[in-house]
Amino acid sequence: MKQIYEAEKELQGELCWFESDGVLRLSCSLAIHGVLLEGLELYARTNVEDVDKDVVFMLRTGSKKSGYELLERICWRPKRPHSNKGRGPKKHRFTLITGGHVHSMYLNWYAEEGRMLKSNLPIAEPLDINSLNIEEVFNTVITRFSIKLIGQKFEAPPWQRDLFDYE
């Protein structure tokens, strides 16, 4: 897993948001050295009505059928704070993170067994991204996930703005 995480990855296909049951999703396959790895993908999700907030970006591998293993997750302007409880390095234990944060590969790597911690990457640390717009956050994501774009263009999710939403 660490080799996959640390490798330079190339985005395959277009970056297109799609809606399913009120959730906007983006899913794009990734290749390493030109080789498409089955199940390795950049995935993002947000609620169709949560304009400019609560977007989650993930680097993951697996499938819906076999289950996904997350390598890293970034949360931008989350609705609820994240609590590390008593896990992870001492400086991150029992902390409450109210803004943007990252559930990094390295904080959630169980070295003794050479695997990720279970429980959906439970340990996070703050990431100063709340003041960024969605395009800037995406650039932060692809840099952290070591993903190279090959002509693709990122577009903000097609949120359903209402009369009271202002840009």
Side-chain angles (χ1 to χ4, degrees), residues 1-9 11 15 17-28 30 39-62 64 67-149 154-159 165 167:
M1 285 298 162
K2 284 178 91 173
Q3 286 179 319
I4 292 172
Y5 175 76
E6 293 171 350
E8 177 88 8
K9 294 166 274 298
L11 204 58
L15 291 164
W17 291 93
F18 61 95
E19 183 184 349
S20 173
D21 299 322
V23 177
L24 292 168
R25 302 172 200 277
L26 179 144
S27 176
C28 201
L30 299 169
L40 181 62
E41 68 178 357
L42 169 65
Y43 177 82
R45 66 171 166 70
T46 186
N47 188 297
V48 72
E49 295 174 354
D50 286 337
V51 178
D52 290 332
K53 63 182 174 213
D54 204 28
V55 180
V56 178
F57 291 93
M58 299 174 220
L59 178 61
R60 69 185 190 179
T61 186
K64 192 172 186 177
Y68 293 101
E69 185 164 14
L70 298 181
L71 301 179
E72 188 156 291
R73 181 172 74 240
I74 294 177
C75 302
W76 178 61
R77 297 181 183 165
K79 281 188 200 179
R80 291 176 285 290
H82 170 79
S83 170
N84 279 335
K85 302 187 173 71
R87 300 185 80 174
K90 286 184 181 181
K91 73 177 188 173
H92 296 302
R93 291 181 192 166
F94 304 106
T95 57
L96 190 66
I97 304 168
T98 57
H101 57 276
V102 58
H103 297 257
S104 78
M105 164 90 179
Y106 300 110
L107 282 177
N108 291 279
W109 181 252
Y110 188 44
E112 289 89 28
E113 294 186 16
R115 65 171 175 84
M116 298 299 292
L117 292 174
K118 302 290 183 200
S119 245
N120 203 20
L121 306 182
I123 305 164
E125 62 187 338
L127 187 62
D128 189 19
I129 57 174
N130 282 352
S131 64
L132 302 179
N133 66 39
I134 188 69
E135 289 83 5
E136 293 166 329
V137 172
F138 180 76
N139 288 330
T140 300
V141 166
I142 63 172
T143 299
R144 281 196 62 101
F145 293 177
S146 300
I147 297 172
K148 184 170 71 173
L149 301 182
F154 175 79
E155 293 185 14
W159 284 298
D165 287 328
E167 293 189 27

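- At a threshold of 4.5 Å between non-hydrogen side-chain atoms, the residues His101 and Pro78 count as touching.
- A donor-acceptor pair under 3.5 Å is absent between the side-chain atoms of His82 and the main chain of Glu125, judged by distance alone.
- Side-chain contact check for Trp76 versus Thr46: every heavy-atom pair is 4.5 Å or farther apart.
- Under the 30°/60° scheme for interplanar angles, the aromatic rings of Phe138 and Phe57 are found to be tilted.
- In this structure, the side chain of Arg73 does not engage the main chain of Ala124 through any donor-acceptor pair within 3.5 Å.
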Side chain to side chain contact (heavy atoms under 4.5 Å, CB included), that's the test. Do Arg93 and Asn84 meet it? Break it down for me. CA-CA 6 Å; Arg93 291 181 192 166; Asn84 279 335; 6.0 Å; no
Could you walk me through whether Leu70 and Tyr43 pass the side chain to side chain contact (heavy atoms under 4.5 Å, CB included) test, one step at a time? CA-CA 10 Å; Leu70 298 181; Tyr43 177 82; over 6 Å; no
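- Using a 4.5 Å heavy-atom threshold, the side chains of His103 and Cys75 count as touching.
- Put simply, the residue from Val141, Leu15, Leu149 that forms a side-chain contact (heavy atoms from CB on, under 4.5 Å) with Phe154 is Leu15.
- Atom CD of Glu49 and atom CH2 of Trp159 lie 13.0 Å apart (nearest 0.5 Å).
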Show your reasoning for whether side chain to side chain contact (heavy atoms under 4.5 Å, CB included) applies to Leu30 and Leu11. CA-CA 5 Å; Leu30 299 169; Leu11 204 58; 3.5 Å; yes
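- In this structure, Ile129 and Gly100 approach most closely via the heavy-atom pair CG1-CA, 4.0 Å.
- The distance from the SG atom of Cys28 to the NZ atom of Lys9 is 13.5 Å, given to the nearest 0.5 Å.
- Note: Ile134 CD1 to Lys53 NZ = 13.5 Å, rounded to the nearest 0.5 Å.
- In this structure, Val55 and Val137 have side chains that are not in contact, with every pair of non-hydrogen atoms separated by 4.5 Å or more.
- Atom CZ of Arg80 is separated from atom CG of Asp54 by 7.0 Å, given to the nearest 0.5 angstrom.
- Heavy-atom minimum distance, Ile123 versus Pro89: CG2-CD, 4.4 Å.
- Between the CG atom of Leu26 and the CZ atom of Arg45 there is a distance of 13.0 Å, given to the nearest 0.5 Å.
- Shown here for Ser104 and Glu72, the closest heavy-atom pair between the two residues is CA-OE1, 3.2 Å.
- With sequence neighbours excluded, the residues forming a ring-ring contact (aromatic ring centres under 6.0 Å, His included) with Tyr106 are Tyr5, listed by chain and number.
- The two atoms that bring Gly86 and Phe94 nearest to each other are CA-CZ, 3.4 Å, heavy atoms only.
- Looking at residues two or more places apart in sequence or on another chain, you find no side-chain hydrogen bond (donor to acceptor under 3.5 Å, both in side chains) involving Arg77.
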Before giving the answer on side chain to side chain contact (heavy atoms under 4.5 Å, CB included), spell out for His92 and Ile97 the whole-Å C-alpha distance, their side-chain angles and the decisive distance to 0.1 Å. CA-CA 10 Å; His92 296 302; Ile97 304 168; over 6 Å; no
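- The OG atom of Ser20 sits 5.0 Å away from the CZ atom of Arg25 when rounded to the nearest 0.5 Å.
- Side-chain contact between Arg144 and Leu59 is absent, with no heavy-atom pair separated by less than 4.5 Å.
- Other residues, nucleotides and ligands contribute more than 12 heavy atoms inside 6.0 Å of the CD atom of Glu8.
- Between Val56 and Met58 the shortest heavy-atom distance is CG1-CE, 3.7 Å.
- A side-chain contact (heavy atoms from CB on, under 4.5 Å) with Leu121 is found for exactly one of Leu107, Asn108, Leu71, namely Asn108.
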